[in-house]
Each structure stands twice: as C-alpha cells, then as structure tokens.
*Asks:* 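I have a structure I would like to understand better, so I am pasting it below and will then ask my questions one at a time.
Read the numbers this way: they start at 1 and go in the same order the structure lists the ligands and their atoms. Keep in mind that the numbers below use all heavy atoms, side chains included, and drop hydrogens, waters and symmetry copies.
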Amino acid sequence: MPEETIFSKIICKEIPADIVYQDELVTAFRDINPQAPTHVLIIPNRVIPTVDDLEEADEPTIGRMVRVAMTIARDEGIADDGYRLIVNCREHGGQEVYHLHLHLMGGRPLGPMLLRKDGL
Ligand code: AMP
C-alpha cells in the first residue's frame, strides 16, 4: 500500500482545503499556490503515487478525474476560452507531491506549454 500523503489528509478533511468537488473516486480542491485565476487539483481518493503507477483497474478513476476537470472548468466559466490539464511525473516532470494529481488551470491565456531551453 502506498504511503498516505498530505493530499490524503485533505481527502479525509484532517487538514483544511477549498474542496470544490468530491465523490467516491476523486476529490478536487483549489491549489494553495495558484498559477492561474483557476487552479484546481483533481486527485484519486486512493493513493496512486504517480501517473506511471496506474493500473488497468484505475481506468474508471482516471476517466472520472478528466470528466470532473471538464465539469469544473465549465462551472468556473473558463471552458469556452480554454484551459490546460497537466500531470507532472517524478523528478524531471517536476512532481512535488507523490499522490497523482491533475492540474486544471485557466482563466487567462497560459502561453507556451514549456519554456524552451537551448538544445531542448
Ligand atoms: P506538483 O508539482 O505537480 O506535484 O504539484 C503539487 C501542487 O500541490 C503544487 O501546485 C502545490 O501548490 C500544491 N499543494 C501542495 N500542498 C497543498 C495543499 N495543502 N493544498 C492545496 N494545494 C497544495
């Protein structure tokens, strides 16, 4: 069993967060350090450390995460202009919290996907 994370404590409300949606599979809450006017994290209730740890049985959960992101984007009024979904994986992906999370960001033009470096 993967270890509990800070996000597990948010799911069971041991630590406070601005939860915008919760069901039996996923929880969504506002990022504590938003990078855009809307910045919501959608996470599985079960600890899955990284996107690389997904199993076939997790397909309903990952599908729910994306559908919930889509619904929140509509509710926040950012869907028509567009938004970005990001999953960071491990060190090179810039992952800080080892509890899979989908970043939903929008509410302004987000610019290029990556800052390009010489030689890529
Ligand atoms: P990542 O770098 O993809 O692992 O993203 C982790 C995200 O979690 C960052 O955007 C943090 O600002 C966010 N975060 C960390 N702790 C909390 C918390 N207690 N409540 C809400 N967001 C958090």
*Asks:* Can you tell me if Ala17 has a non-hydrogen atom under 4.0 Å from ligand 1?
*Replies:*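 It does not, in that no heavy atom of Ala17 comes within the 4.0 Å cut-off of ligand 1.
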*Asks:* Atom CG of Leu41 and atom CE of Met65: how far apart are they, to the nearest 0.5 Å?
*Replies:*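 Reported to 0.5 Å precision, the distance equals 9.5 Å.
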*Asks:* Please state whether Ile86 comes within less than 4.0 angstrom of ligand 1, counting heavy atoms only.
*Replies:*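 Contact check Ile86 vs ligand 1: negative.
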*Asks:* Of all the atoms in ligand 1, which lie at a distance below 4.0 Å from a heavy atom belonging to Gln95?
*Replies:*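 Atoms satisfying the 4.0 Å criterion: 4 (O).
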*Asks:* Using a 4.0 Å cut-off to any heavy atom of Ile10, which atoms of ligand 1 qualify?
*Replies:*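 What qualifies from ligand 1 is 18 (C), 19 (N), 20 (N).
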*Asks:* Quick one: does Phe7 get within less than 4.0 Å of ligand 1, heavy atoms only?
*Replies:*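 It does; at least one heavy atom falls under 4.0 Å.
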*Asks:* Taking Gln22 for its side chain and Ile11 for its backbone only, find out whether a donor-acceptor pair lies under 3.5 Å.
*Replies:*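 It does hold such a pair.
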*Asks:* What atoms of ligand 1 come closer than 4.0 angstrom to any heavy atom of Glu96?
*Replies:*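 By the 4.0 Å cutoff, the relevant atoms are 1 (P), 2 (O), 4 (O).
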*Asks:* If you measure from each heavy atom of His101 to ligand 1, is any distance below 4.0 Å?
*Replies:*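 Yes, His101 has heavy atoms under 4.0 Å from ligand 1.
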*Asks:* Measure the shortest side-chain to side-chain distance between Asp53 and Leu100 over non-hydrogen atoms and say whether it is less than 4.5 angstrom.
*Replies:*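 The answer is no; the side chains never approach within 4.5 Å.
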*Asks:* Any N or O of Ile6 that comes nearer than 3.5 Å to an N or O of ligand 1?
*Replies:*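 No; every N/O pair is 3.5 Å or more apart.
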*Asks:* Which one of Asp31, Val87, Thr5, Ile32 has a non-hydrogen atom at the shortest distance from atom 12 (O) of ligand 1?
*Replies:*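 Heavy atom nearest to atom 12 (O) of ligand 1 belongs to Asp31.
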*Asks:* Suppose I only count heavy atoms of Arg30 and a 4.0 Å limit; which atoms of ligand 1 are within that range?
*Replies:*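 Contacts of ligand 1 toward Arg30, numbered from 1: 21 (C).
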*Asks:* Does only the side chain of Asn88 get under 4.0 Å from ligand 1, or the backbone, or both, or neither? Count heavy atoms.
*Replies:*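 Asn88 to ligand 1: side-chain contact only, backbone stays beyond 4.0 Å.
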*Asks:* Can you list the ligand 1 atoms lying under 4.0 Å from a non-hydrogen atom of Asn33?
*Replies:*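 Numbered from 1, ligand 1 contributes 12 (O).
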*Asks:* Which of parallel (below 30°), tilted (30 to 60°) and perpendicular (above 60°) describes Phe7 and His99?
*Replies:*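 Aromatic pair Phe7/His99 classed tilted.
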*Asks:* Given 3.5 Å as the limit, does a donor-acceptor pair link the side chain of Asn45 with the main chain of Asp23, or not?
*Replies:*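 Looks like yes, one N/O pair under 3.5 Å.
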*Asks:* When Leu104 is tested against each of Asp31, Ile42, Ile86 for side chain to side chain contact (heavy atoms under 4.5 Å, CB included), which residue passes?
*Replies:*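 Exactly one option meets the side chain to side chain contact (heavy atoms under 4.5 Å, CB included) with Leu104, and it is Ile42.
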*Asks:* If you have a sec, work out which protein heavy atom is nearest atom 2 (O) of ligand 1 and how many Å separate them, to one decimal?
*Replies:*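 Scanning the protein heavy atoms, the shortest distance from atom 2 (O) of ligand 1 goes to Gly94 O, 3.0 Å.
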*Asks:* Only counting residues at least two apart or in another chain, list the ones meeting ring pair (Phe, Tyr, Trp, His ring centres under 6.0 Å) with Tyr83.
*Replies:*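 Counting only residues at least two positions away or on another chain, Tyr83 forms no ring pair (Phe, Tyr, Trp, His ring centres under 6.0 Å).
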*Asks:* Arg30: what forms a side-chain hydrogen bond (donor to acceptor under 3.5 Å, both in side chains) with it, not counting sequence neighbours?
*Replies:*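 For Arg30, the residues satisfying side-chain hydrogen bond (donor to acceptor under 3.5 Å, both in side chains) (neighbours in sequence not counted) are Asp18, Glu76.
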*Asks:* Could you check if a side-chain atom of Ile19 sits within less than 4.5 angstrom of a side-chain atom of Lys13, using non-hydrogen atoms only?
*Replies:*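 Side chain of Ile19 against side chain of Lys13, heavy atoms only: contact under 4.5 Å found.
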